[in-house]
Amino acid sequence: MEKLSNPQKTIEVIKKYDFAFQKKFGQNFLIDAHVLNKIIASADITKDDCVLEIGPGIGTMTQYLAEAAGKVVAVEIDRNLIPILSETLADYENVTVINEDVLKLDIAKLADEYNQGRPIKVVANLPYYITTPIIMGLFESHVPVKSITVMVQKEVALRMQAGPGTKDYGALSLAVQFYAEPYIVANVPPNCFMPRPNVGSAVIRLTLHENPPTTVKDESLMFRIIRASFNQRRKTLLNGLNNSPEIAATKEQIQTAFEKLGFPANVRGETLTLKEFAALADEFAEF
């Protein structure tokens, strides 16, 4: 079958099945072979790999993944796309399509079933509205994942890669960098998709750390502190933590922790590094 990265072929398939794009699923299909090849290359897919693709759409990227990988498991929430995928992927025996919501899927079990429990690689053109829940779900559940190479909204990619003191730095930057090393592979303009999104996109590769860049006694406490620090960006860190319902410490305890760590009283969350947040969480764990 002719590749779906040819826009004419995509239009032909959509018309044949009278497919209607669902806004609630954030459907924007890639129609650019150059971008697809770049995604496959940057994800470093080989015949030894089992790839989880989230939201295959009509199977455009799935075709490229199937040619590069040993096994592809494509998880698609929209049941209207299943008959289309049966046709567009008919030539590829190494692809399994699962009609499920990926957020409700046991990915550790999937890795066990299709890759003998070895780390899988995740590749996806993600719907923008669930980018963060999907990525954080993969990280926090500690499923065996080697890397995540995804198309996301450009501003989200910038936030994932941002460092302390920059306008894009926030809770997402810290969460991603605790689990993985982010690298923006390419910026992708709206004309590479059908229909065209209203925003620019970027491909970002997240390579999971073998060991986290910092140790912390209580991971969940650290992330509660991080969320509280950025919930009210205009406030000092002291006030942000003191006002947060997620943080049980008193103002005096927070001040004591700051003094022990050498933080000024008016320090703001956006200036702290991941290591400094971990050190703060370890102080709070003593309360």
Side-chain angles (χ1 to χ4, degrees), residues 1-5 29-30 32-77 82 85-86 88-100 102-103 105-126 131 134-152 157 160-161 176-186 188 202-213:
M1 183 183 191
E2 191 185 346
K3 285 275 195 5
L4 291 160
S5 49
F29 300 155
L30 255 173
D32 188 298
H34 173 70
V35 173
L36 285 155
N37 283 321
K38 202 155 196 174
I39 292 170
I40 306 299
S42 62
D44 192 25
I45 306 293
T46 72
K47 287 293 176 190
D48 292 329
D49 289 318
C50 174
V51 176
L52 168 64
E53 185 188 8
I54 300 164
I58 59 171
T60 313
M61 186 154 67
T62 325
Q63 294 177 335
Y64 283 72
L65 287 169
E67 288 177 3
K71 177 72 187 170
V72 180
V73 182
V75 179
E76 177 53 61
I77 193 171
I82 303 305
L85 288 165
S86 296
T88 60
L89 302 175
D91 296 343
Y92 303 98
E93 290 177 0
N94 60 338
V95 177
T96 299
V97 177
I98 299 172
N99 182 203
E100 278 278 3
V102 74
L103 292 173
L105 205 60
D106 184 341
I107 294 168
K109 188 178 168 193
L110 185 145
D112 210 39
E113 191 178 334
Y114 293 101
N115 205 35
Q116 293 79 51
R118 296 193 309 269
I120 56 173
K121 290 181 178 175
V122 177
V123 182
N125 172 20
L126 285 182
T131 295
I134 285 176
I135 289 174
M136 293 316 300
L138 288 166
F139 286 151
E140 288 168 359
S141 56
H142 296 283
V143 295
V145 172
K146 195 166 189 178
S147 64
I148 302 171
T149 305
V150 286
M151 177 84 69
V152 296
M160 288 180 187
Q161 199 179 254
V176 165
Q177 290 165 36
F178 179 73
Y179 293 108
E181 183 185 335
Y183 173 72
I184 294 177
V185 173
V188 184
V203 177
I204 189 162
R205 184 184 65 233
L206 310 172
T207 307
L208 275 78
H209 299 304
E210 284 189 21
N211 300 298

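Values reported hereafter were calculated over all heavy atoms of this structure, with side chains retained and with hydrogens, waters and symmetry mates removed.
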Between [X] and [Y], what is the shortest heavy-atom contact and its length?
| X | Y | result |
| --- | --- | --- |
| Leu4 | Ile58 | CD1-O, 3.3 Å |
| Gly57 | Phe29 | CA-CE2, 3.6 Å |
| Tyr92 | Lys3 | OH-CE, 4.4 Å |

Do the non-hydrogen side-chain atoms of [X] and [Y] ever get within less than 4.5 Å of each other?
| X | Y | value |
| --- | --- | --- |
| Leu105 | Leu103 | no |
| Glu76 | Ile98 | no |
| Leu30 | Met151 | yes |
| Lys71 | Thr96 | yes |

Check whether any side-chain N or O of [X] sits under 3.5 Å from a backbone N or O of [Y] as a donor-acceptor pair, and report yes or no.
| X | Y | answer |
| --- | --- | --- |
| Asp32 | Leu36 | no |
| Gln177 | Pro182 | no |
| Arg205 | Ser147 | no |
| Asn37 | Ala33 | yes |
| Thr60 | Pro56 | no |

Partners meeting side-chain hydrogen bond (donor to acceptor under 3.5 Å, both in side chains) with Ser5 (sequence neighbours left out):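 Listed in chain order: Tyr64.
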Residue list, side-chain hydrogen bond (donor to acceptor under 3.5 Å, both in side chains) with Gln116, at least two apart or on another chain: Arg118
In a check of side chain to side chain contact (heavy atoms under 4.5 Å, CB included) between [X] and each of [options], which one passes?
| X | options | result |
| --- | --- | --- |
| Val102 | Leu110, Ile134, Val122 | Ile134 |
| Val95 | Thr88, Leu89, Val73 | Leu89 |
| Asn99 | Ile82, Leu85, Val75 | Ile82 |

Thr149 OG1 to Ile40 CD1 distance, which is reported to the nearest 0.5 Å: 9.0 Å
Separation between CD of Glu181 and CG of Leu208, rounded to the nearest 0.5 Å: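 Reported value, rounded in 0.5 Å steps: 11.0 Å.
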Please set out all donor-acceptor pairs under 3.5 angstrom arising from side-chain atoms of residues 47-55, sequence neighbours excluded.
{"residue": "Lys47", "atom": "NZ", "partner": "Glu67", "partner atom": "O", "Å": "2.9"}
{"residue": "Lys47", "atom": "NZ", "partner": "Ala69", "partner atom": "O", "Å": "3.2"}
{"residue": "Asp49", "atom": "OD2", "partner": "Thr46", "partner atom": "N", "Å": "2.8"}
{"residue": "Asp49", "atom": "OD2", "partner": "Thr46", "partner atom": "OG1", "Å": "3.3"}
{"residue": "Asp49", "atom": "OD2", "partner": "Lys121", "partner atom": "NZ", "Å": "3.1"}
{"residue": "Glu53", "atom": "OE1", "partner": "Thr62", "partner atom": "OG1", "Å": "2.6"}

Counterpart residues, side chain to side chain contact (heavy atoms under 4.5 Å, CB included), relative to Ala202 (two or more places apart):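 Ala202 satisfies side chain to side chain contact (heavy atoms under 4.5 Å, CB included) with Lys154, Ala157, Ile184, Asn187 once adjacent residues are dropped.
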Partners passing side chain to side chain contact (heavy atoms under 4.5 Å, CB included) against Ile77 (at least two apart in sequence or in another chain): Phe25, Asp101
Qualifying residues under ring-ring contact (aromatic ring centres under 6.0 Å, His included), relative to Tyr114, sequence neighbours excluded: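 Not a single residue meets the ring-ring contact (aromatic ring centres under 6.0 Å, His included) criterion with Tyr114.
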Aromatic ring pairing Tyr179/Phe139, orientation class (parallel under 30°, perpendicular over 60°, tilted between):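 Rings of Tyr179 and Phe139: parallel, as their planes differ by under 30°.
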side-chain contact (heavy atoms from CB on, under 4.5 Å) assessment of Val203 paired with Val150: CA-CA 5 Å; Val203 177; Val150 286; over 6 Å; no
Thr207 and Lys146 side chains, donor-acceptor separation under 3.5 Å: no
Derivation of the side-chain contact (heavy atoms from CB on, under 4.5 Å) call for Val123 and Met61: CA-CA 9 Å; Val123 182; Met61 186 154 67; 3.8 Å; yes
